There are 2 protein chains.
Amino acid sequence: MDQKQPSSLARYLDGEFWEIKDAFRDAISKCDLFQSSSYELTLDQSRDLTAERLYHILRLPFMKEHLQNQLKEKQNGFINKSWGITELICSADMATGVKLGVVCGLYGGAVNNLGSPEQKMKWYLPVSELQFTGMFAMTERGHGSNVRGILTEARYDQYSQEFIIHTPSEDAQKMYIGNAMKGNYAAVFAQLIINAESQGPHCFIVPIRDQDGVMWPGVTTIDMKHKEGLNGVDNGILIFNNVRIPRENLLGKFGSVSAEGLYSSPVVSKSRRFNAMLAALTPTRLGLTVQAMAAMKLGLVIAVRYSHSRRQFGPKDQEEVKIIEHQTQSLRLMPHLAAALALTFTTRYAAGLMDDALCQGQDLQSNRALQALVAGLKAYSTWENLACLQDCRECTGGMGFMMENRIPSLKCDSDVFVTFEGDNMVMLQVVVRELLAQHTKQMGNNLVMGLIRNWTSSVSDSLRTSFLGFSVDKVGDLMFLLKALSYRERVLQRSLASRLYTKIEKNKDEFFTAWNACLHHVITLAMAHIHKVTLEQFALAIQECHIKEDHAVLTKFCLLHGTSLVYQERAWYLEHNYLTAGTSRQIRSQVLNPFQEGISMHFSVFSVT
Amino acid sequence: MDQKQPSSLARYLDGEFWEIKDAFRDAISKCDLFQSSSYELTLDQSRDLTAERLYHILRLPFMKEHLQNQLKEKQNGFINKSWGITELICSADMATGVKLGVVCGLYGGAVNNLGSPEQKMKWYLPVSELQFTGMFAMTERGHGSNVRGILTEARYDQYSQEFIIHTPSEDAQKMYIGNAMKGNYAAVFAQLIINAESQGPHCFIVPIRDQDGVMWPGVTTIDMKHKEGLNGVDNGILIFNNVRIPRENLLGKFGSVSAEGLYSSPVVSKSRRFNAMLAALTPTRLGLTVQAMAAMKLGLVIAVRYSHSRRQFGPKDQEEVKIIEHQTQSLRLMPHLAAALALTFTTRYAAGLMDDALCQGQDLQSNRALQALVAGLKAYSTWENLACLQDCRECTGGMGFMMENRIPSLKCDSDVFVTFEGDNMVMLQVVVRELLAQHTKQMGNNLVMGLIRNWTSSVSDSLRTSFLGFSVDKVGDLMFLLKALSYRERVLQRSLASRLYTKIEKNKDEFFTAWNACLHHVITLAMAHIHKVTLEQFALAIQECHIKEDHAVLTKFCLLHGTSLVYQERAWYLEHNYLTAGTSRQIRSQVLNPFQEGISMHFSVFSVT
């Protein structure tokens, strides 16, 4: 495919901000820094190259303009545009994309979402002008998933009007901090303590080192050195020994301290206050999905192209066949391609929701559906990416093991995506927490009554959409697939609510114990929810595609995506009599079938740099 | 656990050759070469370190003695002992284990299994005395999986009584060859051509470079450089430009050429002849399973220990709980531990079968069950290893992404195991080919009649063992699990035979086309077969364990292994009415249950160096 003349489908997949994506494609393909690989470099060389690449990108005029827009309120489409840019940079080099994410998404996100207008001008504008860079310091040695329990302290000293940032124990060391060995300022989360009373975690801007590398008094950084991947990103440990910072360095949107040491916050509850801060950082979380998509699309392009050129085995005395024609090869790759398309549309939808909410001045925390969607997308996309890249690796044989063919580094770089910015297991629990909260709201504020009323209505509801009850839909019709995924989510949600109700209200189990005993159920429900949303968004995106051939191709992949999702969970559908043995076998043959209809020929849908 | 005083269970898992394993543990733990890590080294440094480690091991007196035993015929227990040693070395350093496998297993296997007694003394004895090392050159750029189609030529020149080894095209280049940049001799597979007629692939010893690194005339090696893992192993490309080697360098067990250019072989058919050569190399294939086991056991030890020390989340106002107590954490790790145990016993069984066969002078090719077992074990164990290590990586969070914690390098090193020495997809087809051949034999030599007779008897047979037909076994009893796995294998085998029969005999489809249309079915059957064998062997191994506590622990894990295998495939059982919705749910709760019974406490079953 001539990359200068993208197909209408490639343009549709690029979406509204295709122009800036093309501008980046052009800029990156012309830049010498991106022509060489980094796997043969030493750790230091690799980090230096990543830094140079990052600076090159930050210096691009349209990038600078974009970053300065970040300072403004209510920028229409800002988030969607940002993720378009991120995806492009990640396909060029994942470490550069992640480092950009640290500096602009995480550090920048903290300053812009938790800070006042003055703080944004002071702590973020200079980043867009390459005067300094920042890092984001939330995770501690002792608390990665359970960040509410972080131990770093920020005591207010009224006399000097300073905060004293301190690491009270080894478990309180800030760990895995990206840009720790090169960055100048850190957005540090610490327990705000005034007169020996904690107001919960707040975010502070702490100087780490100046432009000449001179460390700020009391700050120590320790290099974490070699990782499985992303070795171009300098991760390190931060230790604070009574580090003094001005009172103004507390990012004050959700809580501030007067010169006299009086604390005030628009959110009274400590717990809600921290939730509000985390919710304000939600846009950043969607970045992980974008990074994972970049990796899987690139892996798929490499693996599918290879499968169309490599030949092995074949009919006796005839030319060997292309390996894409081996039934299992298509079966391994095509569902991932379908999932990548579904993720493209779902991510765009989620970013659009955020853009709309922010433009309308809504707070993101109260948007339960959006919170569930973003947390679920993070988990689903990063796992789907790993499964996809593993299949790409295996489907390209020995070639897929050679670093020069990029699949290994994509795998190694993106492996940590399932862990950082919220471990997937934790993310999926967030999904269910939001779903249950939403559910309770629908049913009035009484959780128990809500559960019971909802539960008793479940039998008739299951008949209403069950395939066995109403067999007007054909297995494999999009409507059947959408109903099946939606049914599964609802039944899982009700049965979970019922189990939790029994354990907590009847048996008087402690909440954590009850929740933990249902954890597998929780995870299953969360995945069912996100599966459903991806298929819905894929289906909606098809409706909006008005070019006939593209519409036809996307429809095939949408059906494949839905069929694969139902196929994966057919045991559950059989257990719930939603599928008969016969219809279940039909689903299987549909998963095996599309390849006879040439779906595997559509391998150039993504434009890559 | 004090490693100097292994528990009775650890000793039982070490098996018959625990003494030599302990000797290696001791030798490796005392050797400075194994104390440092290699991930921070350059490619050359890493390769040099691996070579030094290999030489250190080859120099150990008990290793030298073992290698020289390889030259003798009928060494009782030789294969089992070899794999015990291999496992230990692989847990110390995978690259060293793989390089040892190349030199002694692949190159040594070729010489010892395809060569005459004189050839063994000439080409292998010096390896045990560190005079030179070898490599194994089968795979070509154009033919990795379909090795029958290799293009390298060995033309006999009667005048000089030499073979002329030649690479006729780019596709004929020998690729991914381990030890290519350091080794001295290669066991090269090439089409033997006499008077312009090919006798099919044969194996030749070709000098590559002398001890001073001077290349043999006409030989070129190209460094393949960086890979995802195993960077301590020097993989390269071999190109032969009319390389002349003496007539005696043809390994002659399955075919030789007289001085006058007359070809003779104990096997008339070209196709059977190559099969016989490949079968003679079967013992080497089992090595992959051993290497994969070493990786997964080490990964599990690290991940399970970490899960018992790390705390995160917990009941309100109480200490956080150990993450092993999170339901999903146990659920992710414990089935892998069960699988690792099953593989330990199954591998020992397979090696024992080979040892017995070789001691009795049987040829391995005609042992269909053994061929199926070894091919299936290779695929199952290497995939199971990757799934296991991925879970270990994720279950150890950010720590599992740091190279110093070993899980990343285990993952990267062992990723290629699913590809090399026979791609898993190809291996699983070998399993089914052997199963069908065995099946045909049972039914007499007429494939078609055999299939029909067998097919018609299937209904009554399915009733005979179906859970629904005879509900005397409780779901979760070992007998129930064994019957279920066996039933699945038999039904899949019959239905595959029937489908192939219809396509080939009735519809007159070309064999490749028919087979390819059933490929998903083929793969499914092969996995079902190997699942069944692993559970059978686990069950047998329990019977032979006479220490009560160990017997009890192993029984729990055996049940977990069987339950997990049935649980994975419960959709199939539901489709075939072997499980009801209710029994299927029972299986699920059994998979979730063992953790309430403290199965997760048994985390120190493996002795590691």
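Here is the naming used below: chain letters follow the sequence lines, and residue numbers restart at 1 for every chain. Being a predicted model, the structure only gives us computed values, none of them experimental.
- The heavy-atom pair separating Met402(B) from Tyr176(A) by the smallest distance is SD-CE2, 4.0 Å.
- Contact of Glu320(A) with chain B is made through the side chain alone, with heavy-atom distances under 4.5 Å.
- Using a 3.5 Å distance cut-off with no hydrogens or angles, the side chains of Asn424(A) and Glu394(B) do not pair a donor with an acceptor.
- No part of Val522(B) comes within reach of chain A, as not one of its non-hydrogen atoms sits under 4.5 angstrom from that chain.
- Only the backbone of Arg311(A) comes within contact range of chain B, judged by heavy atoms closer than 4.5 Å.
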Leu519(A) vs His326(B), side chain to side chain contact (heavy atoms under 4.5 Å, CB included): CA-CA, chis, key distance, verdict: CA-CA 8 Å; Leu519(A) 207 47; His326(B) 295 184; 4.3 Å; yes
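- Proximity to chain A (any heavy atom under 4.5 Å) is shown, for Arg141(B), by both the backbone and the side chain.
- Both the backbone and the side chain of Phe313(B) come within less than 4.5 Å of a heavy atom of chain A.
- Of the listed residues (Val416(A), Thr419(A), Asn231(A)), the greatest number of heavy-atom pairs within a distance under 4.5 Å of chain B belongs to Val416(A).
- Contact record, Asp415(B) with Phe401(A): CB-CE1, 4.1 Å, taken as the closest heavy-atom pair.
- His520(A) approaches Gln327(B) most closely through the heavy-atom pair N-OE1, 2.6 Å.
- Considering only heavy-atom pairs separated by less than 4.5 Å from chain A, the leading option among Ser409(B), Gly142(B), Gly400(B) is Gly142(B).
- Ranked by non-hydrogen atom pairs under 4.5 Å with chain B, the options Gly149(A), Gly314(A), Ser584(A) are led by Gly314(A).
- With a 4.5 Å cut-off on non-hydrogen atoms, Tyr567(A) touches chain B through its side chain but not through its backbone.
- Among the candidates Arg588(A), Arg393(A), Glu404(A), the residue making the largest number of heavy-atom pairs closer than 4.5 Å to chain B is Arg393(A).
- Proximity to chain A is limited to the side chain of Leu386(B), based on heavy atoms less than 4.5 angstrom apart.
- With a 4.5 Å cut-off on non-hydrogen atoms, Met425(B) touches chain A through its side chain but not through its backbone.
- In this structure a side-chain-to-backbone donor-acceptor pair under 3.5 Å is missing from Glu510(A) to Pro315(B).
- Heavy atoms closer than 4.5 Å to chain A are found nowhere in Phe420(B), neither backbone nor side chain.
- Contact count versus chain B (heavy atoms, under 4.5 Å) is highest, among Ser37(A), Gly582(A), Cys518(A), Gly229(A), for Gly229(A).
- Interface remark: Gln390(B) contributes side-chain atoms only to the contact with chain A (heavy atom separation under 4.5 Å).
- A donor-acceptor pair under 3.5 Å is absent between the side-chain atoms of Tyr39(B) and the main chain of Lys227(A), judged by distance alone.
- Proximity to chain A is absent for every atom of Gln329(B), based on heavy atoms less than 4.5 angstrom apart.
- Proximity to chain A (any heavy atom under 4.5 Å) is shown, for Met399(B), by both the backbone and the side chain.
- When all heavy atoms are compared, the tightest approach of Asn516(B) to Glu325(A) is ND2-O, 2.8 Å.
- Between Gln312(A) and Ser145(B), the closest heavy-atom pair is OE1-N, 3.2 Å.
- Shortest non-hydrogen contact noted between Cys412(A) and Cys412(B) is SG-SG, 3.6 Å.
- Side-chain atoms of Arg570(B) never come within 3.5 Å of backbone atoms of Glu575(A) as a donor-acceptor pair (strictly under, hydrogens ignored).
- For chain A, the nearby part of Ile523(B) is the side chain; its heavy atoms alone come within less than 4.5 Å.
- A salt bridge links Glu228(B) and Lys411(A); the closest N-O separation between the charged side-chain nitrogens and carboxylate oxygens is under 4.0 Å.
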